[in-house]
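These figures come from a predicted structure and were not determined experimentally. Proteins come first, then strands; the chains are lettered A, B, ... in the order of their sequence lines, and each starts at number 1.
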Amino acid sequence: MAEYQFRATEKKWQAFWEKNQTFSASDDFEKPKYYTLDMFPYPSGAGLHVGHPLGYIASDIVARFKKQQGFNVLHPMGFDSFGLPAEQYAIQTGQHPAITTSENITRYIEQLKNIGFAYDWKREVRTSDPSFYKWTQWIFMQLFNSWYDYHDNKARSISVLTEHFEKTGNQLIKAACDEDTPDFTATDWLHFTEEEKQKILLKYRIAYLSEAVVNWCPAMGTVLSNDEVKDGFSERGGHPVERKKMMQWSMRITAYANRLLEGLNKLDWPEPVKEMQRNWIGKSVGAELDFEVVKNSFDPSLDPSPKEREMPGYMTGDQEIWEALKRFSRENRKDPTEEEDIFWQAVRNKKTGYKFRRQHPIGNYIADFVCLDRKLVIELDGEEHKINKEYDQLRTDYLNSCGFKVLRFWNAEIKKNISHVLDKVIEELRTSPSLSERGAGGEVFTDKNPSLDPSPKERKANDLKIKVFTTRVDTIYGVTFMVLAPEHELVKEITTSEQKEAVEEYVKIAKNRSERERMTEVKRVSGVFTGAYAIHPFSGEKIQVWIGDYVLAGYGTGAVMAVPSDDERDLAFAEHFGLPVKQVVEDGKIINSDFLSGLPIKEAIAKAIEYVEEKGIGKAKVNFRMRDAIFSRQRYWGEPVPVYYKNGIPYLLNEDQLPLELPEVDKYLPTEDGEPPLARAKTWKTEEGYELEKSTMPGWAGSSWYMFRYMDPHNNEEFVAPEKQEYWKNVDLYIGGSEHATGHLLYSRFWTMFLYDMGYLNVDEPFQKMINQGMIQGRSNFIYRVEGKNTYVSKNLKDQYTTQAIHVDVNIVYNDELDIEKFRRWRSENADAEFILEDGKYVCGAEVEKMSKSKHNVVNPDDVIEQYGADTLRLYEMFLGPLEQFKPWNTNGIDGTSKFLKKLWRLFHNEKGDFSLSDEKADKKALKALHLAIQKVEYDIEHFSFNTSVSTFMICVNTLTELKCNNREILTDLMRVIAPYAPHICEELWQLAGNSGSISDAGWPKFNPEFIKENEFTYPVSVNGKHRDNMTFSFDTPKEEIEKAVLENPKIQKWIEDKPVKKFIFVPNKIVNVVV
RNA sequence: GCCGGGAUGGUGAAAUUGGUAGACACGCAAGACUUAAAAUCUUGUGAGGGCAACCUCGUGCGGGUUCAAGUCCCGCUCCUGGCACCA
């Protein structure tokens, strides 16, 4: 019998498809379209391994299925061909990266064609091709020429912005711009020089030049991305990496933060990927507050000695914060608690014979009540004192150190028996000496004393403000200190001379601390007191300002208001340095917080923000974690940036000068002065002699828009013709790994939104639906060498020897059994190796690892195809399990799919091996088997459950084999169903059956439910939920009859015994359950 | 630490809406064909008990809801991916 000749047949059909352009997408705008896209591959020198095609096979199945269903299918492939490996290879060998890249691509295409993908190869693109990167440069120019308008929430042309500037300056405009953008009026603008204007505009452009902190690798002379840096060293080469400020092109992606976030809701993407993007964008809603700084509060050069200052002369309130304290005491007085009011009524107007003041500032605290003459403070405590004992003790200690005695009463005592409390107070007053008796100055402190107003100098000090961002304003009363990042700009200004040395030392260490150290010492608390104090904007208390490197300069404002009771890191810091902790949240409610007390967290946040805005302390603010994306690379093998410099100001080239092609250079290394490789090109200047930009674009530039280029890949006038883009819109199905979640998938959304804003696209998202594929891991095999000998022992005997496990090439191992002959030939030293076998076999050990050359576990699809054929590989990769699951590659089961194809082939042939089909009317059972398969496969493809389709094919073929079915109608329909998965064999059988043309044009068989209709159903019958028997009934059997039959069934009766039947559960076409 | 995903026979896995757990394969065992091997075909194959009919147990662990749980709820364990001093 004629065996299926897969090698010849597969080559034949691959040639047929190419010759007939079977899979070229037409620009027939009348047809419904379907655009399915694979992740853009980087053509590496290692070629494809079996893990790569997993997603490609899945999308190929969808593409072929959709084509058979009558869609105009766009299924292209191309190459993300700029990139580091080729450049690295060029540095090592001097070979031009264009040559290496082109060779690698040739190999990739060959491998891809071997698998029989239905790509429209006419549309292939390569990002390193000038005809492609011309448009990458063009898009860069549009980004440079645009700014982001927050008012209309879209990008606009820069000319609109300059018009605004001419009319109104930059004050009325809501635009995305650099933090340090100065305010200017229209008149200012008109008086700016051209250069000044350009500098200002750079602060608004979406593609802009600015100083950025980057990972600089001096050894490689280049900047590395975060994921190229591992523990402070370059991933490649392991050179040390330092943080360095450099002029870099950046993309103002932060302007799109909110839209990138909101847009996720309408995308059909895997939830984990969306979640990753949400986390990356990191939106937090909160408030920005200003904390006034008490400058040099402890600085002896400005102040009397701390001792003197704390001495309770005529002045008890801390001078520098007097204004603020005064404000707060007044505020507090307006709104006393019930108990405070009872007490005040009892002591006011010298009722006790002593003058009392309430809510009076002492040092940096406000005492509830104070008798200044007798130096007695009365504090009333509520329940919160129990929680805040520590904090209150600190306060008491401070007051004691100022010479005050502190008496505490419970609120409950006041209410219950005020006269008893008064007795105690009077007793205390009588026994303590008066102020005059103590001999300190006799002046009496009053609110009106003009000498207490802060001096102009001090007032200036108060202008220093520390801005903080918080998502939890509700915990404001729990703020007991502040921490600034060591790099914070105010650190120098506020540090007192006493603390100067310690602070400078700390800043120096923190700055030199590599990322690596910071990572490994996460749990170590470190910090230094600046000596400065800030004023709590709500309570008016003085709190210490510290610096600590757990506060990140790059996030928020680089400063935090520390709430140790509610934040772990703040707590660790407070505990380490003995700073106070004040409880403010209990059981989801705010406590101990003045007017916020008693409110649930959410309401407290709202109320606190309201208060903050009303008092002008701060404002509600939305913060994003995402940073602008650095766009420059100090590399050779990337798109040149179409910019030249005049007096240090960047200007765009003219559009007709595009593409700006990569120059030839003598070496692909940075210059001796650390300039990027492009500086080596002597011609790297404009015609007028201006210097061209020397950095190139990053890998993600080309991949951020390539999906649109496939719609119109050869257009020299536009990046895509509008009518073509309008038809193809965006990608209907993108299959790829989730590892691109926060890179490629975010940047391409950003560019698409931008191009949409500017009217170049009619969609604002590039990928409507995406599904993730799991990675295929390697499965390594091990052999065990007896120590010191050239003898290898089989796995299950190895414990009897001292052995060493060695990776062995998985390609010479079959079902974990080593092919000894091949092993002897694998390496010369193996030729005379000896083996200790078990049951005549050498059994290898196995382990799941990354697929890599060094582990000898790389499986090349070409080898699998050589042995089994492309159809088998395609089926097997799908059969392996759900697409999105991570799984090791293991050829153990591949025989099953291979056998299946042979079985399929045999269906079309008689015993003699001749092709033979019958034209008789189709058998009912065969029709049912076929239509069950049609229904299931349709469902599976639409739900991306490819593994179950393969099972379905097997079941169908098994059934048809059993039925000895060789019916033409049935079998040719079956071919149309299997064709998307195993196209070569199906084309061949389709042709042998007398059809012409490609089966991909033969349509999809229509599912007919009539054929799978049953008229009876076999019920599983259970007693108390336990399956006991099966009984078959026709569909129209009434429930009563079934119940009767079931209860009469002796097998069932046996289980019912004599127990009464409590309930009879009957679910039509599902189950029968008798409850006894 | 935070946020995802997962755990089912010797192996890959299936079970779509809570309704017969293990489909379909691999592997293994026995058998047929053959001088033999390969290929192919047939039968068996979750564990335990039993000559058998059949019974008991069984979807990571411990509880719960339900006539019925791999599937739903609560609490854990382990593996895995991402993020991480993010205020």
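At B/C57, one or more side-chain N or O atoms of A/Lys1026 fall inside 4.0 Å of OP1 or OP2 (strictly under the cut-off). For A/Arg278 and B/G82, the shortest distance from a side-chain N or O to OP1 or OP2 is not below 4.0 Å. Contact annotation: A/Asn958 side-chain N/O to B/A25 OP1/OP2 distance is under 4.0 Å.
Contact of A/Lys903 with B/U40 (side chain to base): no donor-acceptor pair of N or O atoms is detected under 3.5 Å.
Between A/Tyr477 and A/Phe538, the ring planes are perpendicular. Angles over 60° get that label, and only those under 30° would be called parallel. The aromatic rings of A/Phe953 and A/Tyr981 lie perpendicular to each other, with more than 60° between the two planes, well past the 30° mark. Ring pair A/Trp546/A/Phe573 is perpendicular by interplanar angle, where above 60° counts as perpendicular and below 30° as parallel. Under the 30°/60° scheme for interplanar angles, the aromatic rings of A/Phe1066 and A/Phe1064 are found to lie parallel.
At most 12 heavy atoms of other shown residues, nucleotides or ligands fall within 6.0 angstrom of atom CD in A/Glu568. Counting non-hydrogen atoms of neighbouring residues, nucleotides and ligands closer than 6.0 angstrom, the CE atom of A/Met954 exceeds 12 such neighbours. In this structure, A/Glu942 places its CD atom where more than 12 heavy-atom neighbours from other residues, nucleotides or ligands lie under 6.0 Å away.
Among the heavy atoms of the strands lying under 4.0 Å from A/Gln885 are primed sugar atoms or P, OP1, OP2 only; no base atom is included. Within the 4.0 angstrom heavy-atom criterion, no nucleotide atom of any strand lies near A/Lys283. Using a 4.0 Å heavy-atom cutoff across all strands shown, A/Val1075 reaches sugar-phosphate atoms only and no base atom. Within the nucleic acid shown, A/Asn623 has no heavy atom closer than 4.0 Å to any nucleic acid atom. Heavy atoms of A/Tyr939 sit under 4.0 angstrom from at least one base atom. Residue contacts shown for A/Lys1062 are absent, as no nucleic acid heavy atom lies under 4.0 Å away.
Between A/Val507 and A/Pro486, the closest heavy-atom pair is CG2-O, 3.7 Å. Closest non-hydrogen pair, A/Asn966 versus A/Leu907, comes out as CB-O, 3.8 Å.
Whole-Å rounding puts the A/Ile605 CD1 to B/A87 P distance at 12 Å. Atom CE of A/Met276 and atom C1' of B/U80 are 12 Å apart (whole Å). Rounded to whole angstrom, the span from the CE atom of A/Met775 across to the C1' atom of B/G5 amounts to 14 Å. Spacing between atom CG of A/Asn279 and atom P of B/G5 amounts to 13 Å, rounded to whole angstrom units. Atom-to-atom, NZ of A/Lys274 to C1' of B/G5 comes out at 17 Å; the value is rounded to the nearest Å. Rounded to an integer number of Å, the gap from A/Ile1052 CD1 to B/C67 P is 20 Å. As rounded to whole Å, 14 Å separates atom C1' of B/C85 from atom CG of A/Leu571.
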Every protein N/O lying under 3.5 Å from an N/O of nucleotides 45-55 of chain B:
none

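A distance of 6.0 Å or more separates the ring centres of A/Phe6 and A/Trp905.
Salt-bridge check for A/Lys887 with A/Glu877: failed, with every basic side-chain N at 4.0 Å or more from each acidic carboxylate O.
For A/Lys899, whose side chain is taken as the heavy atoms from C-beta onward, the closest listed nucleotide among B/A25, B/U40, B/A13 is B/U40. When each of B/C41, B/A14, B/C85 is scored by its nearest atom to the side-chain atoms of A/Pro882, the top-ranked nucleotide is B/A14. When distances are taken from the side chain of A/Lys887 to each of B/A87, B/A13, B/C3, the shortest belongs to B/A13. Among B/U40, B/G4, B/G12, the nucleotide with an atom closest to any side-chain atom of A/Pro272 is B/G4.
Glycosidic conformation at B/G46 (O4'-C1'-N9-C4 for purines, O4'-C1'-N1-C2 for pyrimidines): anti, more than 90° from 0.
The residue among A/Gln777 and A/Val950 whose nearest nucleotide of RNA chain B lies closer to the 5′ end is A/Val950. If A/Val1074 and A/Lys936 are placed on RNA chain B by their nearest nucleotide, the residue sitting closer to the 5' end is A/Lys936.
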What one-letter contact string describes nucleotides 18-23 of chain B from 5' to 3', where B marks a base within less than 4.0 Å of any protein heavy atom, S marks contact via sugar-phosphate atoms alone, and - marks no contact? -BB--B
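Comparing B/C54 with B/U59, their C1' atoms sit 24 Å apart, to the nearest whole Å.
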